[in-house]
Amino acid sequence: MSYDKKLVVGIFGYGVVGQALFQVLGHTPSLQSTIKKICIKHPKKPRDLDPSWFTTDRNDILNDDEINVVIEVTDDADASFEIAKTCLSKRKAVITANKKMVAARLEELVQLQQEFNTPLLYESACCASIPIIRNLEEYYDNDLLRGFEGIINGSTNFILSKMHQGGLTFEAALKIAQEKGFAESNPALDIHGHDAASKLCILLAHAYGVLLQPNELVFTGIENITPFDISYAKSRNCQIKLVAQALKLENGKVVSFLIPRFVREGQLLYQVKDEFNGLAITSALADQQFFYGKGAGGFPTASAILSDLSALRYDYRYEYRKLLQQEPSVLDQNVHLNVYISYDHWEQLPIQVFEKEEEYFSSFNRHYRKGTISLKTLAISDWWKKPGVSLIVCEDSIAESLNTIHHFSESHFELAA
Ligand SMILES: NC(=O)c1ccc[n+]([C@@H]2O[C@H](COP(=O)([O-])OP(=O)(O)OC[C@H]3O[C@@H](n4cnc5c(N)ncnc54)[C@H](OP(=O)(O)O)[C@@H]3O)[C@@H](O)[C@H]2O)c1
């Protein structure tokens with residue numbers, strides 16, 4: 001498909017992102033694009049545009065031969081996939097922000113793009129305004145990319161920041177996040193880590209050619225983090241962040257997980273506060289590089305969609321080189337993690353899971369243990385996600401051998417007043 005001609009756009013979804021996109025597209029004449037129709041779900045919802053813009057019949061867009069680009073910004077992953085699949089089969093380029101859909105259906109989406117020689121772009125699906133997918137895809141060769149670590153969900157980062165700054169409980173911080181519009185009224189996808197896990201799957205595909213479903217990842221959210229954990233972090237000059245990590249091991253395999261982590265003052269991710277996102281990439285030659293920006297919101301997300309739209313003008317498409325042209329990397333769970341686990345009751349922690357113990361603390365209300373645990377243990381169990389148990393990985397979280405672990409010692413941790 002040649003994009004010398006005008007981009008005639010059909011949009012699915014007119015919510016937070018769709019409305020921002022409509023505004024900015026109208027003010028970006030350089031893109032030479034025209035919106036022809038917007039498909040929404042609820043016809044009676046009040047809108048700020050003339051009703052002639054809207055339809056509830058998806059075929060008004062799918063069967064319109066003049067529309068050559070479809071921007072899909074619904075919140076319905078199943079509909080989103082059906083729309084993307086139909087568009088690609090009709091050789092309409094697709095741009096989507098739907099990370100849940102992309103992560104769950106990436107293998108089929110790659111095949112469809114190849115079969116119909118038509119691009120699907122989704123920069124906005126990962127960290128909204130931060131151009132991370134195209135960078136991983138184009139700039140970092142698999143062999144040179146040592147790893148990345150990122151804060152890739154703004155809601156959870158906002159909540160943890162408020163807990164740290166204001167000494168709030170998780171529930172009180174979540175309420176503020178909801179009042180300010182940084183968390184959904186149903187925040188489950190964010191706080192349990194599902195949203196960030198979907199993004200991590202997309203990042204792994206473009207970074208290392210690893211294709212996996214979110215439920216194959218070891219991940220958790222932040223709902224069990226307590227003020228006790230925050231006090232512990234402060235006493236060590238750390239903040240707790242929900243960090244997506246990937247690291248290429250000496251054996252060429254990749255270890256990856258999404259678990260809360262202590263981030264020490266001075267580390268790059270420490271400065272990523274409130275609703276912001278940040279990603280630090282480590283490459284073999286260039287050392288660390290840092291991406292920082294707004295990871296959600298109508299306009300930041302629309303900015304990434306505009307960038308995709310602009311890329312279509314020069315026929316850009318993801319080549320999935322690390323997946324299709326190189327030997328894709330394989331995930332490895334045979335590593336040891338240095339972790340801190342706090343808990344209400346002794347019986348919540350199967351103590352035999354520790355391969356080595358480094359530190360313990362016990363008080364009337366809460367206890368913690370620090371030590372080494374294998375990632376595989378976490379992959380096959382869920383006691384560490386249960387209410388009352390809070391598992392946080394330490395700064396130097398991944399150990400390929402147990403030798404790096406310190407000896408068991410009693411802690412002198414004192415709770416901050
Ligand atoms: N909001 C963000 O900051 C952000 C950031 C990055 C990515 N995203 C992703 O972008 C997408 C949209 O997010 P949003 O915040 O804009 O969602 P939203 O405000 O809830 O809006 C969703 C829109 O999708 C429409 N819709 C739902 N099902 C549909 C269907 N079957 N056919 C046609 N339209 C349908 C809804 O129609 P009605 O208006 O009729 O209800 C609504 O206009 C999601 O996939 C989200 O994960 C969002």
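One-based numbering, in listed order, for ligands and for the atoms of each.
- Residues with a heavy atom under 4.0 Å from ligand 1: G13, Y14, G15, V16, V17, C39, I40, K41, H42, K45, R47, V73, T74, D75, D76, A79, A97, N98, K99, S124, A296, G297, T301.
- Judged purely by distance below 3.5 Å, without hydrogens or angles, the side chains of Y139 and Q289 never pair a donor atom with an acceptor atom.
- In the model, N237 has no side-chain atom that pairs as donor or acceptor with a side-chain atom of Y270 under 3.5 Å.
- Between N98 and Y122 the shortest side-chain heavy-atom distance does not fall below 4.5 Å.
- For residues 114-137, the set of pairs meeting the salt bridge (Lys or Arg N to Asp or Glu O under 4.0 Å) definition, not counting sequence neighbours, comprises R134-D308.
- Of the options K37, K36, K6, a salt bridge (charged side-chain N to carboxylate O under 4.0 Å, His left out) to E66 is made by K36 and by none of the others.
- In this structure, K273 fails the cation-pi test against F276, since its NZ or CZ atom is not both closer than 6.0 Å to the six-membered ring centre and inside 45 degrees of the ring normal.
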